[in-house]
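Here is how names work: the chains are called A, B, and so on, in the same order as the sequence lines, proteins then strands, and each is numbered from 1.
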Amino acid sequence: MHWADVAAKSLSHRGNTHVISTGITPSGEFHIGHLREILTGDMLARAARDAGLDVDFIFIVDSADPLRKVYSFLGPEFEQFIGHQIGAIPAPREGDNNPDWQRFNDDGWTYADHFLTPFMEALAEIGVRPRIIDNLSSYRDGKFAEMTKMACDSAEQIREIIERVSSRELASDWFPWSPLDSKQSLDGVKVTGYEYPLVHWIDSHGVEGSSDITKGEGKLPWRIDWPAKWSWIGVTCEAFGKDHGAAGGSYATGREISTLLGHQPPQPLTYEWISLRGKGAMSSSTGNTIGPIEALRLVPPQILRLLIANSKPNKAIDFDTGMGLVTLADEFERLCTRDFDSEINDENISRRQLVQVEDAKAALRLSMVEPGTIAKATSVSFRHLALLAQTKSSDDAIWQSLISSSAITEPTKQLEDRLARMRYWIESEHFPEEMRIQILSSPDEKALSLLDSDEKSALKELTAALRNCQWDAESIASAIPQSAKDNDMSPRSAYRAAYAALMGLERGPRLAPILAEMDKNAILKQLDSCCQLD
RNA sequence: GGGCCUGUAGCUCAGUCAGGUAGAGCGUCGGACUUUUAAUCCGAUGGUCGCGGGUUCGAACCCCGUCAGGCCCGCCA
């Protein structure tokens, strides 16, 4: 059974109504690691609905978290906001990346909005539509009030849980509420007393004040904030990264605190990180990222979904934007063409194979942008489209080629969309070299030395034939094999010779249209210098 | 120091929860076809299941140990 269906089944033992939660702090550029968080939750939510459960899928935006430091992508003026809540400060401005006061004052456009908005657009395209819960607004609206009161009233018990479970020692003046100071920062504030609903404090500037816990004049520390959310929202299941899931991590303390607050802890679903192939873990601070938006320019949303659906959550994913993407995309095409039901009904199938077929079927189901839709194969592989996109400058020429080879009858929206991404991919640094079509400008001696004597003479005939050939795809296409036939050799010799001389390969893509797009003299020059090597 | 996850074919991974003849896809090789979609079709190839013990009639799977990689016990998806 697919991992999402297994998790959904296990959820069903808890009841029929569920709140499946995910949450991210929009402290910087989003990357595909964040996509795993939300897609893991989304797929679980879909699987649970398919299993007949009533599901509310939510995405908590942790806009109440403080800005930790002036990240490399921020201007120096952000220094003043360290410790301030990211939902309450201006966004970086285009150009110098300093605070954009104008938009902040005019439209209330915040730092959190700035990073969240493009992510939400990407989510819509991927077919993820969670209910959004803004954490900062929730604090301000008093949603946390009841849980905060319980936490403050049980401060010592909570301290005991955190110290015991995480085996870290809390400061003697630790208190389960972080008040905002006289400058609206959460940093360096000491709690001096508590009389509901006020927490009294003294800040790093020596100013004293009081924070009303029912009005969001501060926030709960993360390890309490999380279980408090579970409680007031009624979360029954949450997907989170392995960092939270480790022993002594925030889930371990959270589940005990949750029980203390009178709420059954949610069923956990921990997932592994996504790294970039050959570049290590994704990290916003080192700039080693691929954003969901950028990923979507390269690949269709279904394929991005398949990346997550195909890997069990506890498996690390090494995201490969080169050949791995081709393999993944072609895998998607293959899945689309399979008849899973007849495979499942095959009596000769082993139990093991059955599991694989069922998982593949479920992965495809969960990869659909619209739940419940049926995948349609495009009958044009990624590889093939990559070829066409490199050899033909106009889209129309590509559709013509596909129509004349009767691969398609007309370009669909899906294909047009895919071609646009393909063109972007080819232009990008991610496009794999082995897929790139390169016509040599100097002879590849090694490739030429592999030709037999027939093929070597075919090369000479071919060169002569092309010299007299009209320079269009059709003429070239007939000239290549004809040059060999005229001399009692198989067309194969001519092709092998051409590939060795022009690309340094044994086989290759259809040559004629590529050559037709190139300069005739340059091609002849290259062929001549290859002939002279003998 | 304490704990969690991962290790299965050249690659990506199923299979471990409920022990019962080692499975897919990709790749590779061979064949067919070919005025070639690095295409398609057919066939083959491929593994001391990290390692060592134990339990069992029987272990990739359960138990103990060990090695390697990643992670957590401030913050991070």
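- Not one N or O on the side chain of R131(A) forms a donor-acceptor pair closer than 3.5 Å with the backbone of F59(A).
- Taking atom OH on Y499(A) and atom P on rU34(B), their separation rounds to 16 Å, with Å as the unit.
- Residue S478(A) has its side chain nearest to rU35(B) when only rC75(B), rG15(B), rU35(B) are considered.
- Under the salt bridge (Lys or Arg N to Asp or Glu O under 4.0 Å) criterion, D134(A) pairs with no residue at all, not counting sequence neighbours.
- The interatomic distance linking L354(A) (CG) with rA24(B) (P) rounds to 13 Å, in whole Å.
- The ring pair (Phe, Tyr, Trp, His ring centres under 6.0 Å) check on Y111(A) picks up F78(A), F115(A), with sequence neighbours excluded.
- The salt bridge (Lys or Arg N to Asp or Glu O under 4.0 Å) check on R223(A) picks up nothing, with sequence neighbours excluded.
- By the side-chain hydrogen bond (donor to acceptor under 3.5 Å, both in side chains) test, Q390(A) pairs with no residue at all, sequence neighbours left out.
- Across the protein-nucleic acid pair, N310(A) atom CG and rU12(B) atom C1' stand 9 Å apart, rounded to whole Å.
- For the P atoms, the distance linking rC63(B) with rG23(B) amounts to 25 Å, nearest Å.
- When side chains are defined from C-beta on, L269(A) does not count as touching E238(A), because their heavy atoms never get closer than 4.5 Å.
- When all heavy atoms of D62(A) and I86(A) are compared, the closest pair comes out as O-CD1, 3.9 Å.
- Only the C1' atoms considered, rG46(B) is 16 Å distant from rC13(B), to the nearest whole Å.
- With distances taken from any side-chain atom of T327(A) to the nucleotides rA38(B), rC75(B), rC26(B), the minimum falls on rC26(B).
- A straight line from CG of D318(A) to C1' of rG69(B) spans 13 Å, rounded to a whole angstrom.
- Distance noted for atom P between rG25(B) and rG50(B): 22 Å (whole Å).
- Of the two residues contacting RNA chain B, namely V355(A) and Q482(A), the nearest-nucleotide position lying further toward the 5' end is that of V355(A).
- The side chain to side chain contact (heavy atoms under 4.5 Å, CB included) check on A386(A) picks up M422(A), F431(A), M435(A), with sequence neighbours excluded.
- Rounded to whole Å, the distance from CG on L364(A) to P on rA14(B) is 18 Å.
- The CD-P distance, from E358(A) to rA14(B), rounds to 16 Å in whole Å.
- Positionally, the nearest nucleotide of RNA chain B for R436(A) lies more toward the 5' end than for the other of D65(A) and R436(A).
- Of the P atoms belonging to rG54(B) and rA60(B), the separation is 15 Å, rounded to the nearest Å.
- Rounded to the nearest Å, the gap between the P atom of rG58(B) and that of rU12(B) is 35 Å.
- Across the P atoms, rG30(B) and rU45(B) are found 15 Å apart, a figure rounded to whole Å.
- Ranking rA38(B), rA14(B), rC71(B) by closeness to the K242(A) side chain, first place goes to rC71(B).
- Nucleic acid contact for R68(A): sugar-phosphate only, since backbone atoms but no base atoms lie under 4.0 Å from a heavy atom of the residue.
- Nearest nucleotide to the side chain of K312(A), out of rC75(B), rU35(B), rG15(B): rG15(B).
- R164(A) comes within 4.0 angstrom of no nucleic acid atom, judged by non-hydrogen atoms across all strands.
- With sequence neighbours left out, D341(A) forms a salt bridge (Lys or Arg N to Asp or Glu O under 4.0 Å) with K361(A).
- Spacing between atom CG of L462(A) and atom P of rU36(B) amounts to 14 Å, rounded to whole angstrom units.
- Taking E331(A) as the reference, L306(A), N310(A), R334(A), L335(A) meet the side chain to side chain contact (heavy atoms under 4.5 Å, CB included) condition, with sequence neighbours excluded.
- Nucleotides rC62(B) and rC49(B) have their P atoms positioned 16 Å apart, rounded to a whole Å.
- Residues meeting the side-chain hydrogen bond (donor to acceptor under 3.5 Å, both in side chains) test with E160(A), sequence neighbours left out: R164(A).
- Closest approach of D187(A) to G83(A), counting heavy atoms only: OD2-CA, 3.5 Å.
- For rG25(B), its base never sits under 3.5 Å from the side chain of E331(A) at any donor and acceptor pair.
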With a 3.5 Å cut-off and sequence neighbours excluded, list the donor-acceptor pairs that the side chains of residues 241-251 of chain A form with protein atoms.
from, atom 1, to, atom 2, distance (Å)
K242(A), NZ, E272(A), OE1, 3.1
K242(A), NZ, E272(A), OE2, 3.1
H244(A), ND1, S250(A), OG, 2.8
S250(A), OG, W222(A), NE1, 3.2
Y251(A), OH, P266(A), O, 2.7

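- Phosphate contact (OP1/OP2 of rC26(B), side-chain N/O of R334(A), threshold under 4.0 Å): present.
- Remark: RNA chain B forms stems of 3 or more consecutive Watson-Crick or G-U wobble pairs, all pair distances under 3.5 Å, at B:1-7 with B:67-73, B:10-13 with B:23-26, B:28-32 with B:40-44, B:50-54 with B:62-66.
- Distance from the side chain of P481(A) is smallest for rU35(B) among the nucleotides rC75(B), rA14(B), rU35(B).
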Can you give me the N/O atom pairs linking the protein to nucleotides 58-62 of chain B at distances under 3.5 Å, or say none if there are none?
from, atom 1, to, atom 2, distance (Å)
rA60(B), N6, R352(A), NH2, 2.9

What N/O pairs connect the protein and nucleotides 1-8 of chain B at under 3.5 Å? Give each pair on its own line.
from, atom 1, to, atom 2, distance (Å)
rU6(B), OP1, N314(A), ND2, 3.1
rU6(B), O3', K315(A), NZ, 3.2
rG7(B), OP1, K315(A), NZ, 2.9

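- Nucleic acid contact for A316(A): sugar-phosphate only, since backbone atoms but no base atoms lie under 4.0 Å from a heavy atom of the residue.
- Distance noted for atom C1' between rA22(B) and rU48(B): 13 Å (whole Å).
- If you take CH2 of W273(A) and P of rC72(B), they are 7 Å apart, rounded to a whole angstrom.
- At a threshold of 4.0 Å, the pair R423(A)-D395(A) counts as salt-bridged, since one of the basic side-chain nitrogens sits closer than that to a carboxylate oxygen.
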